[in-house]
Amino acid sequence: MGLLIKNAMIVNADKIWDTRQDILCEAGKIVKIAASIAPDGHQIIDAKGKKVLPGLIDIHVHLRQPGCEDKETIETGSKAAAKGGFTTIMCMPNTTPVIDNAMVVEFIRREAQRVGLVNVYPIGAITKAQNDQELTDMAELKSAGCLALSDDGKAVLNSRLFRLAMEYAKMLDLLLIEHCQDPCLSAGGVMNEGEVSTLLGLKGDPAIAETVIVARDIEIALYLNARVHLAHMSLKRSVDLIRAAKAQGIQVTAEACPHHFTLTDADVKSFDTSMKVNPPLRAKEDVEAIQQGIADGTIDCIVTDHAPHTKEDKEVGFDAAPFGLTGLETSLGLTITQLVKPGVITLSQMAERMSAAPARIVGLGGKGRIQEGKDADLTIIDPDKKWTVTKEGFVSKSVNSPFIGRTLSGRVEYTVCGGKIVYAPVA
Ligand code: DOR
Ligand code: ZN
């Protein structure tokens with residue numbers, strides 16, 4: 001028995017089908033797309049009135065396991081992903097221990113398989129224990145199943161090491177993901193450096209802390225003719241640097257998060273610690289530039305930087321709170337509300353930035369597109385359905401969302417991963 005999706009309006013990155021189709025999934029693959037497919041005892045989803053997108057892919061998530069299971073586990077993070085419409089997620093290595101050897105990679109993959117909801121690809125560290133001193137065994141991490149490496153949470157500040165890492169990554173065909181932030185320049189900043197930080201008396205993190213690393217990495221990529229992927233871009237100047245680099249043919253790709261195209265540093269005036277995130281919320285002109293960068297493709301993909309923290313961790317003063325917000329369950333709604341509804345991007349472009357592009361960037365050839373023969377990973381949405389974000393609605397272990405109370409357009413109706421329904425609305 002397979003899974004048959006009836007009356008699907010298919011939205012691919014390059015095309016929205018103009019007639020309804022049936023999609024048959026068997027043995028984890030899309031086996032047939034046709035105007036009408038007989039029910040034949042298959043499990044059926046009627047997608048009438050909904051849009052069917054290739055399963056969303058988030059290449060920047062923090063799952064916290066091993067080490068901080070009070071914040072999130074692979075199981076609760078997988079549930080949050082499925083509820084948010086994601087069928088594939090990649091988790092960052094800043095766990096305890098750090099994902100810097102094959103054993104930790106295998107542990108995460110096994111646990112994700114046991115949970116059996118979404119595909120989880122661990123991202124290995126670039127330097128051992130993320131200590132910026134010694135490279136990991138990148139070939140070992142690749143053989144264990146890593147598609148990408150990163151020291152996310154901090155930059156690889158040692159430029160010689162980053163150069164070497166880029167050379168090895170090129171040989172091994174691994175993606176390097178850089179957290180662009182020079183800690184000497186950030187110097188303990190807790191929000192964007194600017195008028196608002198001065199007004200609030202909070203220590204500012206200056207824009208150049210991000211842009212000096214963006215510029216450095218682009219230079220190294222040019223020098224080595226190698227590729228680099230820049231995480232959570234937050235500034236107009238970063239978008240300008242990336243746009244210019246791409247125009248020269250430099251192999252740079254980049255991502256941005258919903259909070260960076262939605263909120264500004266003025267929102268920190270609430271002193272809500274779920275607004276404390278790294279990189280920080282920026283100025284209005286930066287938010288507009290990030291939106292423009294997503295629209296014109298300078299920013300290749302949208303990621304969440306899902307960074308769960310417990311209530312206890314966040315219920316402290318703004319200075320003391322950890323950086324990060326929970327993002328998996330609000331990403332699609334924010335993207336539709338902030339970008340699709342106002343006409344910044346189309347639904348097809350959303351499928352590109354949230355599925356096709358990330359699949360391409362990390363090399364998941366079987367994903368990112370609804371087509372016969374591809375993996376049966378599908379996200380069925382109602383882009384017009386409005387819903388309100390509530391604390392109780394989260395299935396993640398943590399509820400550190402600055403969007404609680406907001407009404408968003410665009411709701412996930414079903415998430416199908418490998419031909420299996422992994423999220424469905426409660427009746
Ligand atoms: O806000 C953030 N939280 N930014 C990061 O770079 C790390 C992350 C975390 O691990 O909490
Ligand atoms: Zn991160």
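Counting starts at 1 for both ligands and their atoms, following the listed order. Just so you know, these numbers use all the heavy atoms, side chains as well, and skip hydrogens, waters and symmetry mates.
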Around atom 1 (O) of ligand 1, find the nearest protein heavy atom and jot down its residue, atom name and distance.
-> Asn278 N, 3.0 Å

Short N or O distance, Phe323 and ligand 1, threshold 3.5 Å exclusive | yes

Enumerate the atoms of ligand 1 whose separation from the nearest heavy atom of His309 is less than 4.0 angstrom.
-> 11 (O)

Do any nitrogen or oxygen atoms of Pro279 lie less than 3.5 angstrom from nitrogen or oxygen atoms of ligand 1?
-> no

Parallel, tilted or perpendicular for His179 and His232, by the 30°/60° rule?
-> perpendicular

Would you kindly specify which portion of Asn94 sits under 4.0 Å from ligand 1, judged on non-hydrogen atoms: side chain, backbone, both or neither?
-> side chain

Interatomic distance, CD1@Ile108 vs OG1@Thr95, rounded to 0.5 Å, equals 5.5 Å

Should the pair Arg163 and Tyr223 be classed as cation-pi, given the thresholds of under 6.0 Å to the six-membered ring centre and 45° from the axis?
-> no

To the nearest 0.5 Å, how far apart are CE in Met92 and NE2 in His62?
-> 6.0 Å

Can you list the steps and then say if Ser398 with His309 is a side-chain hydrogen bond (donor to acceptor under 3.5 Å, both in side chains)?
-> CA-CA 6 Å; Ser398 297; His309 290 291; over 6 Å; no

Starting from atom 11 (O) of ligand 1, locate the nearest protein heavy atom and write down its residue, its atom name and how far away it is, to 0.1 Å.
-> Arg64 NH2, 2.8 Å

So is His306 in contact with ligand 1, going by heavy-atom distances below 4.0 Å?
-> no

Within a distance under 4.0 Å of any heavy atom of Ala307, pick out the atoms of ligand 1 and give their elements.
-> 3 (N), 8 (C), 9 (C), 11 (O)

Pull out every atom of ligand 1 sitting under 4.0 Å from any heavy atom of Val277, numbered as shown with elements.
-> 1 (O)

When you look for heavy atoms under 4.0 Å from ligand 1, do you find them on the side chain of His179, its backbone, both, or neither?
-> side chain

Which value, rounded to the nearest 0.5 Å, describes the distance between Ile345 atom CD1 and Ile302 atom CD1?
-> 5.0 Å

From Asn12, Ile370, Ile45, residue fulfilling side-chain contact (heavy atoms from CB on, under 4.5 Å) relative to Val52 = Ile370

Residue pairs involving residues 385-413 (criterion salt bridge (charged side-chain N to carboxylate O under 4.0 Å, His left out); sequence neighbours excluded) | Lys385-Glu413

Between Thr407 and Thr388, which heavy-atom pair has the shortest distance, and what is it?
-> OG1-OG1, 2.9 Å

Which N, O or S atoms belonging to the protein are less than 2.8 Å from the Zn ion (ligand 2)?
-> His60 NE2, His62 NE2, Asp152 OD2, Asp305 OD1

Salt-bridge test for Lys341 and Asp384: reply yes if a basic N is under 4.0 Å from a carboxylate O, no otherwise.
-> yes

Residue-ligand contact Gly153/ligand 1, heavy atom below 4.0 Å | yes

Does the Lys367 side chain pair with the main chain of Ala376, one donor and one acceptor, at a distance under 3.5 Å?
-> no

